[in-house]
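What follows is a short report on a single structure.
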Amino acid sequence: YQDKHFLYYSYGEPRRNIELKLINMSGTTTFPEIEGISSNFERWKYEFRQLDARQLIEKAEAEEEYAGLKNFLAVSNRIHVVDANYNVVDLFDSVEAFTRTLKVGGVFIDYLQAIRSDKEHASLPRRQQLRDITDQLRELGNESGFPVIVGVQFAVGEANTPEYDGLNTARLKDTGDPEQIASLIIGLQNYAKSNFIGSNVNNQFKSHFYSSPFKKADKMPDTFKDKHANTVILAK
């Protein structure tokens, strides 16, 4: 969608971190490991501390390891990262301001529970606030015609965590009944932080949104744990 702009509202991380992650994702070559820095993302942070903009651009043009920066710069004028932590009214005003001057292709918001209500509704129970916010987000998607993708934190206290680490939409109710609002729910589970997987999970996807309980749970194999820190995508 080379003629469209994309908005990313970050409530959890500063703009600089998001843009560094986008640069990292845009590359195809991993940096050689240096002492004290093992991940590619941490290496990008290091490079931006050590080099000025001119040096980085020169390297992006000449060296394969820096191709992620070159690829990102080619699209960066169409990716707008905002980390202002707007309340819901200011968030919608910001989106509207962008749409008045730009052809917007999609809005990403990370994450739902961090969006504050306006002052008029601040005294309502938080669950009701989130329900109202998600209703407004649905209306935004319906009226604008572009997709609105909203991240939701999926966290459960240790005492309430089932031994099989199942992702289930029933545990998302505090976020405003997403099954009734969302057109599509995509779940992400980090298996490096999980201890169990369900025995009735197929080997291809390793997890699923279940409408019925697991038959039983098996301990996460040590060969799988910690080697797959990236999330696995699940769709409902």
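The 12-atom threshold is not exceeded at CD of E64, counting heavy atoms of other residues, nucleotides or ligands nearer than 6.0 Å.
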Determine, stepwise, if the pair L112 / L137 fulfils side chain to side chain contact (heavy atoms under 4.5 Å, CB included). CA-CA 10 Å; L112 175 65; L137 290 169; 4.0 Å; yes
Check: Stepwise, does the salt bridge (Lys or Arg N to Asp or Glu O under 4.0 Å) test hold for K45 with E42?
Finding: CA-CA 5 Å; K45 291 169 69 174; E42 291 299 323; 3.7 Å; yes
Applying side-chain hydrogen bond (donor to acceptor under 3.5 Å, both in side chains) to S94 and Y9, what does each step give before you reach the verdict? CA-CA 10 Å; S94 175; Y9 292 88; 2.7 Å; yes
Worked check of ring pair (Phe, Tyr, Trp, His ring centres under 6.0 Å) between Y86 and F92: CA-CA 9 Å; Y86 290 134; F92 279 66; over 10 Å; no
- Query: Do Q128 and D132 pass the side-chain hydrogen bond (donor to acceptor under 3.5 Å, both in side chains) test, and can you show the C-alpha distance, the side-chain angles, and the key distance before you say yes or no?
  - Reply: CA-CA 6 Å; Q128 182 59 49; D132 292 343; 2.9 Å; yes
- Given N40 and N24, is the side-chain hydrogen bond (donor to acceptor under 3.5 Å, both in side chains) satisfied, shown in steps? CA-CA 7 Å; N40 222 45; N24 191 34; 2.9 Å; yes
| message | Does L51 form a side chain to side chain contact (heavy atoms under 4.5 Å, CB included) with K59? I'd like the steps, not just the answer. | response | CA-CA 10 Å; L51 304 174; K59 284 182 174 291; 3.6 Å; yes
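Between F31 and W44, the ring-plane angle classifies as perpendicular under the 30° and 60° cut-offs.
For the pair Y46/I34, a side-chain contact is recorded, criterion being any heavy-atom separation below 4.5 Å from C-beta on. Side-chain contact between V150 and T134 is absent, with no heavy-atom pair separated by less than 4.5 Å. With contacts defined as side-chain heavy-atom distances shorter than 4.5 Å, the pair I57/L73 qualifies. Residues Y8 and I109 have side chains not in contact (no heavy-atom distance under 4.5 Å, counting atoms from C-beta outward). F146 has its side chain within reach of V107: a pair of non-hydrogen atoms, C-beta onward, lies under 4.5 Å apart. Inter-residue side-chain proximity for K21 and E13 is flagged as met; some heavy-atom pair is nearer than 4.5 Å. Using a 4.5 Å heavy-atom threshold, the side chains of F41 and L20 count as touching.
Although no hydrogens or angles enter the test, the distance criterion places no donor-acceptor pair under 3.5 Å between the side chain of E19 and the main chain of R16. Using a distance-only test at 3.5 Å, with no hydrogens or angles considered, a donor-acceptor pair links the side chain of S26 to the main chain of L22. For the pair D83 (side chain) and R15 (backbone), a donor-acceptor distance under 3.5 Å is present.
Look at E65 and R43 and you find no salt bridge, because none of the NZ, NE, NH1 or NH2 atoms lies under 4.0 Å from a carboxylate O.
For the atom pair S117 OG and R126 CZ, the distance stands at 5.5 Å (nearest 0.5 Å). Taken to the nearest 0.5 Å, the CG atom of L56 stands 7.0 Å off from the OH atom of Y66. Remark: I79 CD1 to L7 CG distance equals 10.5 Å, nearest 0.5 Å. Note that the CG atom of D3 and the NZ atom of K103 stand 4.0 Å from one another [nearest 0.5 Å]. In this structure, CD1 in I133 is found 10.0 Å from CD in Q113, a value given to the nearest 0.5 Å. Separation of atoms CZ (R138) and CG (N142) is listed at 7.0 Å; rounding is to 0.5 Å.
By the rule that hydrophobic residues join a cluster once side-chain heavy atoms approach within less than 4.5 Å of another member, V75 and F108 end up as members of one cluster. In terms of hydrophobic clustering, with Ile, Leu, Val, Met, Phe, Trp and Tyr side chains grouped at heavy-atom distances under 4.5 Å, L91 and I18 are assigned to different clusters. Note on F6: it does not cluster hydrophobically with L140, by side-chain heavy-atom contacts below 4.5 Å among ILVMFWY residues.
Other cluster members for L124: none, since no ILVMFWY side-chain heavy atom sits under 4.5 Å from it.
Here the shortest heavy-atom pairing between A114 and Y11 reads CB-CB, 3.5 Å. Closest approach of V89 and N87 over heavy atoms only: N-OD1, 3.0 Å. When every heavy atom of R78 is checked against every heavy atom of K4, the shortest pair comes out as NH1-O, 2.7 Å. Residue I149 comes nearest to P147 through the heavy atom pair CD1-CB, 3.9 Å, listed as atom of the first residue, atom of the second, then distance. What you find for S10 and N85 is that their closest heavy atoms are O-OD1, 3.7 Å.
Partners of F72 under the ring-ring contact (aromatic ring centres under 6.0 Å, His included) rule, at least two apart in sequence or in another chain, do not exist in this structure.
Checked against the 6.0 Å centroid criterion, the rings of H80 and F98 qualify as a close aromatic pair.
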